[in-house]
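Notes to accompany the following structure.
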Amino acid sequence: MLNLETISQSLNTLVIFRHLLSEPILAELKNFSEHLARREKEAALFAYGGLVHAVYQSAGSLGGGIAALLLEDDNLYVRKKAAEEEIPTYLQQCLEAELDVFARIAALTPDDFRRALGYTGFLPGWEENGCDLKEEYHRRASLLSQHGYGIYAKYTSFILRDGAIVPVQYPDRISLSDLKGYENERRQVIENTRALVERRPAQNVLLTGDAGTGKSSTVKAVANYFAPMGLRLIQITKSQLHDLPMITDELSANPLRFILFIDDLSFSGNDDDFGALKAVLEGSVTAKAANTAIYVTSNRRHLVKESFRDRDGDEVHHNDTLQEIISLSDRFGLTVTYIHPDRKAYLDIVCALADSHGLILDREELCRGAEAFAMRKGGRSPRAARQYIDSLLSRE
């Protein structure tokens with residue numbers, strides 16, 4: 001068994017996992033060990049309380065918390081593994097030694113702490129975790145293209161904030177089964193995404209067409225479906241398009257696959273943002289990355305508002321500029337068009353949603369209400385269908 005008084009010494013020698021020392025579980029464990037070694041019982045008890053608090057905040061068990069830290073860590077070893085570089089002997093030996101330390105820590109029980117303290121009062125504990133830490137770490141390291149590492153192992157959806165990729169804590173969990181209708185359109189997006197995940201050539205995708213037809217929902221649902229297979233979604237706003245080269249460069253060595261998602265995109269006069277997107281679509285030297293694909297949704301086929309006006313310059317310059325921006329949509333390898341459904345397709349969607357939610361209503365009454373709801377909403381669409389079903393569910 002690991003000597004609780006010398007844990008801090010073992011942690012002080014960490015190299016590969018050194019930055020984990022700032023994590024609450026290890027920081028409190030280190031404090032406990034140091035106070036115990038100095039026979040500072042009250043301070044050790046206080047540190048133990050902090051340790052249990054950190055355990056409860058993470059996985060509910062000391063072993064689970066330690067495992068989560070290791071398996072989601074971004075370090076030199078996993079980066080070399082991800083790049084399929086040869087692992088030096090000294091680095092492999094260092095990894096094995098550090099994993100041994102963590103395996104012994106993960107096996108500690110509340111009774112071990114109670115005995116070390118000589119404490120007879122109540123001490124809060126945790127559930128024991130039977131995971132073979134070393135075996136699991138090596139298994140995950142062999143599947144980095146599926147699980148990823150660092151923040152990409154813990155989260156599946158991201159946004160860009162102040163030039164940095166940050167995780168979305170509570171992403172939209174919409175699934176493919178939630179979407180009704182538009183099977184052919186959705187199939188094209190699914191097959192292209194499957195190619196990306198399977199490391200086959202994949203196209204950049206433009207989903208265009210009428211509002212409320214499920215373009216954005218398709219992208220998010222497809223990303224959720226393929227997330228367990230190594231796909232991550234990063235949403236980018238139009239004002240952040242100039243960061244695309246930086247993003248693709250940062251992601252280029254990552255073993256995962258990424259959708260760079262730009263929702264509801266359109267350009268207007270005096271708009272220079274399209275140049276950054278054009279550079280990535282054309283595959284410039286600094287922007288091309290084989291593990292990324294750009295998915296754009298827009299209500300405009302050519303991504304240009306009808307009110308586009310001339311920049312400063314003569315008429316020739318205006319025509320050239322306008323034509324360049326309009327041709328941007330042609331640079332997407334796959335364009336999928338969503339149009340408002342006709343009456344039959346709309347009602348099919350309504351009925352399918354009603355069935356999926358277990359609504360038992362007379363079909364004629366359901367359809368009459370759906371038609372009336374669509375008229376009030378300004379037209380038939382999957383969004384109107386879902387809103388209508390939601391309104392019925394709220395009455396139950």
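As the structure is a prediction and not an experimental result, all values here were calculated from the model.
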Pairs meeting criterion salt bridge (charged side-chain N to carboxylate O under 4.0 Å, His left out) with involvement of residues 190-201, two or more places apart
Glu191-Arg194, Glu198-Arg200

Return yes if some donor-acceptor pair links the side-chain N/O of Ser217 with the main-chain N/O of Gly214 below 3.5 Å, else return no.
no

Any side-chain to backbone donor/acceptor pair from Asn192 onto Ala202? Under 3.5 Å, distance only.
no

Sort and list the pairs that fulfil ring-ring contact (aromatic ring centres under 6.0 Å, His included) and have at least one residue in residues 36-79, not counting sequence neighbours.
Tyr48-Phe113

Heavy-atom distance under 4.5 Å between the side chains of His357 and Ile389, does that happen here?
yes

Quick one: does any side-chain atom of Ser58 pair with a main-chain N or O of Gly65 as donor and acceptor, under 3.5 Å?
no

Tell me the ring-ring contact (aromatic ring centres under 6.0 Å, His included) pairs involving residues 169-210, sequence neighbours left out?
Tyr182-Tyr338

Quick check against the 3.5 Å criterion: does Asp178 have a side-chain atom that pairs as donor or acceptor with the backbone of Ser175?
yes

Quick check: does any side chain N or O of Asp342 sit under 3.5 Å from a backbone N or O of Ala345, one acting as donor and the other as acceptor?
yes

Quick one: are Asn291 and Asn254 in side-chain contact, heavy atoms under 4.5 Å?
yes

Side-chain heavy atoms of Ile262 within contact of Thr237, under 4.5 Å
no

Please say whether more than 12 non-hydrogen atoms of neighbouring residues, nucleotides or ligands are located less than 6.0 Å from CE in Met229.
yes

Counterpart residues, side chain to side chain donor-acceptor pair (under 3.5 Å), relative to Glu96 (two or more places apart)
Gln92, Lys134, His138

By the side chain to side chain donor-acceptor pair (under 3.5 Å) test, which pairs, at least two apart or in different chains, include something from residues 11-21?
Asn12-Lys30, His19-Asp73

Is there a side-chain contact between Ile234 and Ile165 in this structure, where contact means two heavy atoms from C-beta onward sitting under 4.5 Å apart?
yes

Criterion side-chain hydrogen bond (donor to acceptor under 3.5 Å, both in side chains) on Ser216 and Asp263, from CA distance to verdict:
CA-CA 7 Å; Ser216 302; Asp263 195 21; 2.4 Å; yes

Show every salt bridge (charged side-chain N to carboxylate O under 4.0 Å, His left out) that has at least one partner inside residues 82-94, sequence neighbours left out.
Lys80-Glu85

Ion pair present between Glu136 and Arg139, side-chain N to carboxylate O less than 4.0 angstrom?
yes

Within the side chain of Thr208, is there an N or O that forms a donor-acceptor pair under 3.5 Å with the backbone of Ser298?
yes

Side-chain hydrophobic cluster, 4.5 Å single linkage: members besides Val166:
Ile159, Val168

Give every residue pair that meets the side chain to side chain donor-acceptor pair (under 3.5 Å) criterion with at least one member in residues 147-164, sequence neighbours excluded.
Tyr155-Gln169

Can you list the other members of the hydrophobic cluster that holds Phe122, where links are side-chain heavy atoms under 4.5 angstrom apart?
none

By ring-ring contact (aromatic ring centres under 6.0 Å, His included) - contacts of Phe17 (at least two apart):
Phe102, Tyr137

If a pair satisfies salt bridge (charged side-chain N to carboxylate O under 4.0 Å, His left out) and one of its residues is in residues 208-220, list it, with sequence neighbours excluded.
Asp172-Lys220

Taking the side chain as C-beta and beyond, is there a heavy-atom pair between Leu233 and Tyr295 under 4.5 Å?
no

Within the structure provided, determine whether His35 and Arg38 are in side-chain contact (heavy-atom separation under 4.5 Å).
yes

Between Asp100 and Arg104, does any side-chain N to carboxylate O distance fall below 4.0 Å?
no

Per the side chain to side chain donor-acceptor pair (under 3.5 Å) rule, what does the pair list look like for residues 118-127, sequence neighbours excluded?
none

Do Leu176 and Arg186 have side chains that get closer than 4.5 Å, going by heavy atoms?
yes

Note, Val219 side chain near Val205 side chain (heavy atom, < 4.5 Å):
no

Before giving the answer on salt bridge (charged side-chain N to carboxylate O under 4.0 Å, His left out), spell out for Asp355 and Arg363 the whole-Å C-alpha distance, their side-chain angles and the decisive distance to 0.1 Å.
CA-CA 11 Å; Asp355 290 341; Arg363 280 296 188 258; 2.5 Å; yes

